[in-house]
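Data block below; observations after.
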Amino acid sequence: MSNDLQNIKNRFGIIGNFPALNRALEKAIQVAPTDISVLVIGESGVGKEFIPKIIHSESKRKHQPYIVVNCGAIPEGTIDSELFGHEKGAFTGATATRKGYFEVADGGTIFLDEVGELPLQTQVRLLRVLESGEFMKVGSSQVQKTNVRIVAATNVNMMKAIHDGRFREDLFYRLNTVQIDMPPLRERKGDIHLLFRKFSIDFAEKYRMPELELEPSAVHYVENYSFPGNVRQLRNLVEQMTVVERNRQVTVEKLAEYIPMETHLPMVVNNPNAQKQNDFGSEREIMYKILFDMRSDINDLKSLTSELIKNRGTADLSNQEKNLINRIYSAEQTQPVSQNSLLYFEDKSPGVQSSPTIISNAADSYEDIEDIEIEENRPESLSLQNNEKDLIIKALEKHKGRRNRAADELGISQRTLYRKIKQYNLED
């Protein structure tokens with residue numbers, strides 16, 4: 001690490017040795033002597049505000065004004081007046097002429113925080129300042145000049161904002177002459193404990209209390225927490241625990257009360273370089289794959305029921321078991337069958353007009369039981385069958401017709417795959 005970089009860290013109280021953090025600070029030091037516009041990109045709470053301070057302090061403008069403007073905190077109706085000033089009588093309440101930030105900061109640096117929140121009309125005015133150094137006060141026709149260095153920061157996805165028409169593309173490229181990316185805290189695992197100790201010392205001194213210390217297991221816990229609020233969240237956590245907790249030794253259980261470890265639901269990540277056994281390419285196909293697996297499981301349960309009937313007969317079945325079997329098979333029998341080849345489980349409850357429910361004869365083969373299919377003409381049923389067919393075709397093509405491997409990928413038996421191939425006329 002260079003002496004300049006370490007001096008900057010000491011001067012601004014920046015803790016950490018993560019490579020991406022060091023690179024961001026080095027870029028700030030390198031561009032500081034120039035007048036290049038800089039755009040700082042990073043999530044909320046990562047410490048983007050340190051970059052413009054470093055740039056200003058290391059530039060030839062360090063003895064001139066440095067002004068911070070939070071673009072997201074100023075109402076849309078007054079932001080032009082705040083930035084560029086206004087003339088007396090320009091609007092209701094303008095009782096006197098007022099200088100804007102660009103006039104006050106002439107010769108210095110303006111930090112536009114949350115620049116992605118600027119209204120489109122203000123973006124046009126800002127673009128003119130960047131291109132020519134000229135601006136006009138609200139309600140004035142006189143052009144004024146300013147010599148201001150602009151550093152902007154945002155946590156907005158700028159490409160999406162441009163695509164949605166919320167940010168001007170030409171302004172983005174004027175601001176983004178040099179881009180500095182600040183890494184989120186969850187990527188700086190090795191720095192989290194250092195930051196915790198630093199904040200603990202600071203708040204212990206501020207509130208005149210003993211320092212907090214993390215137990216080894218608590219260190220591992222805090223380093224594996226995602227910290228959606230980044231460094232700001234960690235700082236607030238340490239301050240709160242310093243004031244509230246009596247025990248200075250912080251355990252995992254105590255940390256969990258403040259930052260419970262989140263559980264993440266599975267999500268689809270499109271990674272073209274990843275080699276996955278089940279590569280179906282989209283959430284919709286994965287959903288159909290799940291439904292396909294569920295149907296396979298149901299078929300297996302049906303076959304198991306058939307085997308039980310074969311082994312035990314029907315005499316030993318309880319009414320509850322018969323009702324269960326009725327529910328499984330009653331909706332699926334769609335073709336007329338000879339009465340001699342069927343079993344009937346009837347509801348004998350008094351006062352109930354019952355009709356016989358039909359299931360396959362216990363002497364039928366395993367394949368006959370498994371071949372029972374739901375035949376519906378609803379669009380969603382046809383769509384499910386089409387997607388099931390597509391999945392089978394993809395699996396067969398992927399494994400060059402090797403049905404054993406295709407069946408393994410689909411999560412079904414070879415017998416079921418063979419039946420599906422016949423059903424959809426997919427014979428080689």
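Any value given below was found using the heavy atoms of this structure, including those in side chains, with hydrogens, waters and symmetry copies removed. As the structure is a prediction and not an experimental result, all values here were calculated from the model.
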Atom pairs and distances, side-chain donor-acceptor, residues 72-85, under 3.5 Å, sequence neighbours left out:
unit_1, atom_1, unit_2, atom_2, d
Thr78, OG1, Pro75, O, 3.3
Asp80, OD1, Thr122, OG1, 2.6
Asp80, OD2, Arg125, NE, 3.4
Ser81, OG, His86, ND1, 2.6
Glu82, OE1, Arg98, NH2, 3.2
Glu82, OE1, Tyr101, OH, 3.0

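Ion pairing between Glu397 and Lys394 fails under the 4.0 Å rule for side-chain N and carboxylate O. Salt bridge annotation for Lys254-Glu245: present, with a cationic side-chain nitrogen under 4.0 angstrom from a carboxylate oxygen. Remark: Asp170 does not engage Arg174 in a salt bridge, criterion side-chain N to carboxylate O under 4.0 Å. With salt bridges taken as basic N to acidic carboxylate O contacts below 4.0 Å, one links Asp164 and Lys160. Salt-bridge annotation for Lys48 and Glu43: absent, with no side-chain N of the basic residue lying under 4.0 Å from a carboxylate O of the acidic one.
Taking each heavy atom of Arg188 and Gly16 in turn, the nearest pair found is NH2-CA, 4.1 Å. Residues Val148 and Ala105 share a closest heavy-atom pair of CG2-O, 3.5 Å. The two residues Leu255 and Ala218 make their nearest non-hydrogen contact at CD1-O, 3.5 Å. For the residue pair Phe18 and Glu187, the shortest heavy atom distance occurs at CE1-O, 3.1 Å. Val46 and Pro184 make their closest contact through CG1-CA, 3.8 Å (heavy atoms, listed as atom of the first residue, atom of the second, distance). When every heavy atom of Thr95 is checked against every heavy atom of Lys88, the shortest pair comes out as O-CE, 3.4 Å.
With 3.5 Å as the limit, one finds no donor-acceptor pair spanning the side chains of Asn22 and Lys27. Side-chain polar atoms of Asn10 and Gln6 form a donor-acceptor pair below 3.5 angstrom. Inspection of the Gln179 and Asn176 side chains reveals an N or O donor paired with an N or O acceptor under 3.5 Å.
Atoms CD and CG, on Gln123 and Leu118 in that order, are 6.0 Å from each other to the nearest 0.5 Å. Here His220 contributes atom NE2 and Ile192 contributes atom CD1; the two are 11.0 Å apart, rounded to the nearest 0.5 Å. With rounding to the nearest 0.5 Å, the separation of CD1 in Ile8 from CD in Glu58 is 4.0 Å. Taking CG from Asp106 and CD from Gln144, the interatomic distance works out to 9.5 Å, rounded to the nearest 0.5 Å.
Ile15 is not listed as a side-chain neighbour of Lys9, based on a closest heavy-atom distance of 4.5 Å or more. Two residues are said to be in side-chain contact when any heavy atoms from C-beta on lie closer than 4.5 Å; Tyr258 and Val244 meet this criterion. Side chains of Arg232 and Phe227 form no contact here, defined as non-hydrogen atoms less than 4.5 Å apart. Side-chain contact check for Ile110 versus Val151: every heavy-atom pair is 4.5 Å or farther apart.
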Worksheet item: Passes side-chain contact (heavy atoms from CB on, under 4.5 Å), Leu171 versus Phe167? Steps please.
Response: CA-CA 8 Å; Leu171 176 58; Phe167 202 86; 3.7 Å; yes
Discussion item. Assess the residue pair Phe135 and Glu103 against the criterion (side-chain contact (heavy atoms from CB on, under 4.5 Å)); give the C-alpha distance rounded to whole Å, side-chain angles, the decisive distance to 0.1 Å, and a yes or no.
Written reply: CA-CA 9 Å; Phe135 70 95; Glu103 186 174 357; 4.0 Å; yes
Item to complete: Apply the test side-chain contact (heavy atoms from CB on, under 4.5 Å) to residues Val69 and Phe111: give CA-CA distance (whole Å), side-chain angles for both, the deciding distance (0.1 Å), then the verdict.
Response: CA-CA 6 Å; Val69 182; Phe111 172 39; over 6 Å; no
Practice prompt. I would like to know whether Val156 and Glu117 meet side-chain contact (heavy atoms from CB on, under 4.5 Å); could you show each step before the answer?
Written response: CA-CA 8 Å; Val156 173; Glu117 305 297 330; 3.7 Å; yes
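Using modelled atom types, no side-chain atom of Thr177 and backbone atom of Ile36 make a donor-acceptor pair closer than 3.5 Å. Checked by atom type and distance alone, the side chain of Ser140 never pairs as donor or acceptor with a backbone atom of Met136 at under 3.5 Å. Asn230 places a side-chain N or O within 3.5 Å of a backbone atom of Ser44 that can act as its donor or acceptor partner. Formation of a donor-acceptor pair under 3.5 Å by the Ser132 side chain with backbone atoms of Arg128 is found in this model.
Within a 6.0 Å radius of NZ in Lys189, more than 12 heavy atoms belonging to other residues, nucleotides or ligands are found. Within a 6.0 Å sphere centred on NZ of Lys62, heavy atoms belonging to other residues, nucleotides or ligands number 12 at most.
Screening residues 146-157 for side-chain hydrogen bond (donor to acceptor under 3.5 Å, both in side chains), with sequence neighbours left out, gives Arg61-Asn147.
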